[in-house]
Amino acid sequence: MALNVGPLRKVLELECEKGYADTTVIGGLDKFLRCWAARALESITTPRFLAGFKKLHLDDARYASLNQEQRKKLIADIFAFLEMAQAEKIEARPPKKNVTPRRRTVAAPQATGQSLDFPITSLQGVSTAMAARFKKLGVQTIRDLLYFFPHRHLDYSRTNYISGLTEGEEQTITANVWQAQVTRLGGRRGTEAIVGDETGNVRAVWFNNPYIAKSLPTNARVVLSGRVRLFGGRHVFESPEWELLEDKELVHTGRLVPLYSLTQGLKPRQVRKLMKQVVDRFAGQVADFLPSNLRKRCNLLELPQAIAQAHYPEDEAAKNEARNRLAFDELFLLQLGVLGRKHEWQESQPGNPVSVEKPLLEGFISSLPFELTPAQRRVLKELLTDLEKPVAMSRLLQGEVGSGKTVVATAALLAAAASGYQGAFMAPTEILAEQHFSSVSEILSRNASEVSEEENLRRFSGLLSRPLTLALLIGDLSQASKQAIQQLIRDGDIDIIIGTHALIQKEVGFHKLGLVVVDEQHRFGVAQRSALRQKGFNPHVLVMTATPIPRTLALTLYGDLDLSVIDELPPGRQSIRTRWLKQAQRASAYAFLKKQVAEGRQAFIICPLVEESEAIQARAAVAEYERLSRDVFPDLKLGLIHGRLSAAEKDEVMHRFRSGELDILVSTPVVEVGIDVPNATVMLVESADRFGLSQLHQFRGRVGRGSEQSYCMLLAENPSEIGRQRLDLIEKIQDGFQLAEEDLKLRGPGEFFGTRQSGLPDLRMARLSDIKLLELARAEAIRLFEQDPGLKQPEHRLLSAELARVWQPGGELT
Ligand code: ADP
Ligand code: MG
């Protein structure tokens with residue numbers, strides 16, 4: 001109900017006139033005051049006023065027992081309170097019939113206190129419709145709201161006099177409203193106001209916003225923040241932020257004003273106001289989960305303060321400190337999570353230390369037809385050091401396509417085999433497994449004599465004191481030969497086994513598995529690793545990827561893995577000529593492609609990106625394939641590959657392409673064409689502006705693997721600004737890591753690797769460019785882990801709960 005102050009005012013005025021004799025109301029003023037207080041309590045909606053109200057103790061008024069001076073003072077206090085209340089407009093207007101009054105303010109604290117985990121609808125002024133809009137932004141509880149940070153702040157903190165205003169800059173003035181009216185601006189209704197301070201007057205206009213006029217009563221004090229333009233030789237505020245100057249903190253003007261990323265139906269002013277109230281009321285209730293010694297050591301703000309300052313900072317410095325604290329939290333929790341996994345992985349079972357035979361490896365290396373690059377040597381040393389330890393290695397090896405990862409992995413597999421262990425080399429597809437089988441065979445045979453050659457089994461003598469056996473296990477084999485190989489693996493008669501992930505599944509039992517090498521990390525997650533452990537092994541694991549990931553991101557996403565990087569290509573690699581082509585150049589692109597095919601080369605065409613679904617994508621690809629076959633390249637042999645084909649069908653097409661039977665391979669972007677076809681020299685990418693830089697780089701990496709000059713042609717019809725930037729960059733830059741850094745800058749980390757899909761907690765405040773903070777967080781996480789790995793100590797209780805909250809169960813690095 002509305003707070004009705006009229007009768008109270010009248011009674012009190014009368015009481016003053018009558019000389020505080022308590023004769024105004026029959027039965028005494030106390031009874032009247034108590035009744036009024038009981039009703040008023042229901043309609044007071046802000047904490048500050050509740051506090052002021054409580055101080056008057058009207059619910060237990062004792063006017064009758066006071067002397068005249070005391071009576072006078074009490075009435076003066078009540079009047080002062082009413083003045084304040086009126087300024088704050090808690091005196092609600094009588095509600096219109098059948099219309100529920102819209103309460104804009106947040107309720108005062110209830111006696112019970114509200115839990116941070118309550119839904120936001122428990123806040124007064126948040127309707128279910130509003131809550132539904134917030135839900136789209138991932139905000140459901142009061143805690144979510146507190147963590148719903150602005151994406152930036154407008155700096156309206158510079159206040160000025162009207163005479164000192166300059167054009168173009170964001171400035172704030174405090175002024176009197178002389179006049180505000182609805183007017184026509186650019187053919188539509190808007191608001192125009194004239195405001196003034198002691199130095200002059202200025203005009204302010206709001207386009208399409210006639211209702212503001214009503215909110216700016218003449219003589220009101222108003223704060224305006226925004227840019228000033230020169231119009232007909234005079235300064236004008238164009239659509240400034242505004243708010244009336246009242247006895248409370250500014251929310252929209254005159255300060256660092258938060259800008260929230262909103263969804264349809266949420267208005268900035270409304271959200272800012274809500275956020276201010278929520279922050280004022282609830283930020284103080286957030287428990288700081290960081291142990292205080294850690295917090296002090298790292299010079300971090302307390303959490304409630306950080307949350308408050310992240311929304312409504314006092315100044316730039318406070319804002320940065322807040323961001324620093326919150327970013328630290330994100331990175332620290334992330335590191336604790338990934339280190340927890342690593343710990344579980346490494347410590348739960350003893351590892352299998354390999355005794356590395358140095359002379360064997362040196363012989364192997366010197367037999368290669370090339371010198372290892374310094375980066376390859378360094379990485380090999382890192383691997384061998386890990387293998388010798390009694391804890392299982394858990395390492396990510398990054399290196400560009402063609403940087404020579406396979407050789408290094410082969411050396412590690414050889415070391416394990418020499419020490420009596422079995423090694424498994426897993427590829428994401430059968431065709432890649434075959435490719436690895438033949439290249440590893442090739443490398444080994446340089447140093448040994450091959451004693452037997454079957455389709456999928458090789459024995460080499462001269463390397464070890466016994467013959468070394470290499471096998472390929474893929475679904476393509478006959479049932480009989482599969483079973484034969486599985487038996488050999490079980491008996492320990494195979495040293496190195498190459499295959500797909502089927503290797504670690506069901507029927508395959510190992511005799512003594514010591515090392516697993518996984519090519520292309522993103523298909524091998526925690527689940528697969530635990531599958532290995534359930535087989536009773538705790539092998540060393542090396543995960544390899546050709547996708548360049550900036551170091552900070554790698555530490556974040558794969559913090560449970562140690563990181564090795566081959567950051568140089570073998571000398572003499574050709575660079576791929578990359579050109580961004582306009583629509584008008586399509587015909588000449590096709591002509592160029594025909595010419596290359598006429599010279600005996602092959603080409604890839606990547607279909608336009610269709611986002612709807614795999615089925616629609618596949619249909620679009622079929623249409624494109626038909627168009628190309630019929631209208632553009634009727635004389636050439638084309639193949640098509642898309643996500644709706646079975647693995648066998650895909651492999652079949654890939655085979656035909658690799659063997660040279662097909663001239664052009666048309667493919668959807670979702671299919672990884674992770675194949676080595678040295679004869680392919682042209683990569684044509686449709687709607688190239690819609691891919692990320694890393695993905696374009698991956699496409700480009702499919703060519704340039706042979707001795708012929710290779711080309712990457714990027715078709716883009718109407719690139720957006722960001723698309724344009726990407727295309728410019730990829731034309732200029734060949735280096736994948738440099739591109740990845742640029743990509744990270746353009747896209748932000750969230751999108752970069754689909755962190756959401758990876759089950760990792762969100763990073764909202766942390767910037768991956770902030771290497772120092774990341775390293776600090778990692779160092780602190782390691783330190784804490786050493787002290788109290790299970791977070792069992794009482795001072796880590798809150799932290800442990802927070803960790804459980806942000807790492808949802810089932811989150812996996814896959
Ligand atoms: P990746 O697996 O990193 O894509 P590979 O190991 O398949 O790269 O190597 C690509 C090619 O480069 C192979 O033919 C390999 O024999 C060759 N190669 C590897 N290391 C070197 C080197 N240091 N110098 C010259 N050629 C190399
Ligand atoms: Mg490779």
Side-chain angles (χ1 to χ4, degrees), residues 361-383 395-415 423-429 431-448 470 472 496 498 500 515-524 542-549 554 563-576 654 658 672-681 683 694 697-708 710 734-737 739-740:
L361 283 175
E362 272 152 27
F364 168 77
I365 290 165
S366 58
S367 75
L368 295 170
F370 45 74
E371 290 269 300
L372 289 185
T373 61
Q376 281 173 311
R377 283 183 186 284
R378 188 189 67 233
V379 167
L380 181 56
K381 214 168 138 198
E382 288 166 355
L383 299 187
R395 194 169 274 279
L396 178 70
L397 170 54
Q398 281 182 260
E400 283 248 38
V401 170
S403 61
K405 297 184 293 294
T406 312
V407 194
V408 174
T410 307
L413 287 164
L414 186 62
F425 193 161
M426 301 200 295
T429 64
I431 191 110
L432 283 171
E434 283 179 63
Q435 199 174 293
H436 282 318
F437 181 66
S438 67
S439 60
V440 172
S441 301
E442 220 268 321
I443 299 172
L444 291 176
S445 63
R446 300 186 160 273
N447 212 343
L470 177 72
L472 173 70
I496 301 173
I498 298 178
T500 58
L515 170 63
V516 177
V517 177
V518 188
D519 201 8
E520 289 305 331
Q521 94 292 354
H522 43 277
R523 307 201 182 188
F524 191 74
L542 176 66
V543 178
M544 306 202 295
T545 175
T547 310
I549 313 167
L563 187 62
S564 288
V565 183
I566 302 185
D567 50 7
E568 64 188 319
L569 290 176
R573 282 288 152 83
Q574 57 162 299
S575 72
I576 296 152
M654 292 304 295
R658 201 168 156 211
E672 260 162 281
V673 199
I675 186 95
D676 213 352
V677 185
N679 192 45
T681 56
M683 165 60 67
S694 294
H697 183 66
Q698 290 296 308
F699 290 145
R700 178 166 64 181
R702 299 297 142 219
V703 296
R705 298 172 151 238
S707 50
E708 302 295 329
S710 294
Q734 293 274 333
D735 178 74
F737 280 88
L739 277 174

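The basis for the numbers below is simple: all heavy atoms, side chains too, and nothing from hydrogens, waters or symmetry mates. Just so it is clear, the model here is predicted, and its values are computed rather than measured. Counting convention: from 1, in listed order, for ligands and their atoms alike.
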Any N or O on [X] sitting closer than 3.5 Å to an N or O of ligand 1?
{"X": "Gly402", "answer": "yes"}
{"X": "Pro570", "answer": "no"}
{"X": "Thr406", "answer": "yes"}

Q: Evaluate the side-chain proximity of Ile365 to Leu380: yes if any heavy-atom separation is below 4.5 Å, no if none is.
A: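 Yes - at least one pair of side-chain heavy atoms lies under 4.5 Å apart.
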Q) How about Arg395 and Val379: do any of their side-chain heavy atoms sit closer than 4.5 Å? A)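 With C-beta onward as the side chain, the pair stays apart.
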For ligand 1, which atoms have a heavy atom of [X] less than 4.0 angstrom away?
{"X": "Val407", "value": "6 (O), 19 (C)"}
{"X": "Gly404", "value": "1 (P), 3 (O), 5 (P), 6 (O), 8 (O), 9 (O), 19 (C), 20 (N)"}
{"X": "Ser403", "value": "3 (O), 8 (O)"}
{"X": "Glu371", "value": "22 (C), 23 (N), 24 (N)"}
{"X": "Glu400", "value": "3 (O)"}

Q: Before giving the answer on side-chain hydrogen bond (donor to acceptor under 3.5 Å, both in side chains), spell out for Glu708 and Thr681 the whole-Å C-alpha distance, their side-chain angles and the decisive distance to 0.1 Å.
A: CA-CA 7 Å; Glu708 302 295 329; Thr681 56; over 6 Å; no
Q. Counting only N and O atoms by type, is there a donor-acceptor contact under 3.5 Å from the side chain of Gln398 to the main-chain atoms of Leu563?
A.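 Such a contact is absent between Gln398 side chain and Leu563 backbone.
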Q | Side-chain donor or acceptor of Glu382 paired with backbone N/O of Ser564 under 3.5 Å | A | no
Q. For ligand 1, does Met544 get within less than 4.0 Å through its side chain, its backbone, both, or neither, judged by non-hydrogen atoms?
A.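 Neither part.
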Q. At under 4.0 Å between heavy atoms, which part of Thr373 makes contact with ligand 1: side chain, backbone, both or neither?
A.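 Under 4.0 Å from ligand 1, Thr373 contributes backbone and side-chain atoms.
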Q.
Working to the nearest 0.5 angstrom, can you tell me the gap between Gln698 CD and Leu739 CG?
A.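 Rounded to the nearest 0.5 Å, the CD-CG separation comes out at 10.5 Å.
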Q. With no hydrogens and no angle check, do the side chains of Arg446 and Ser367 hold a donor and an acceptor under 3.5 Å apart?
A.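 Arg446 vs Ser367: no donor-acceptor pair found between side chains.
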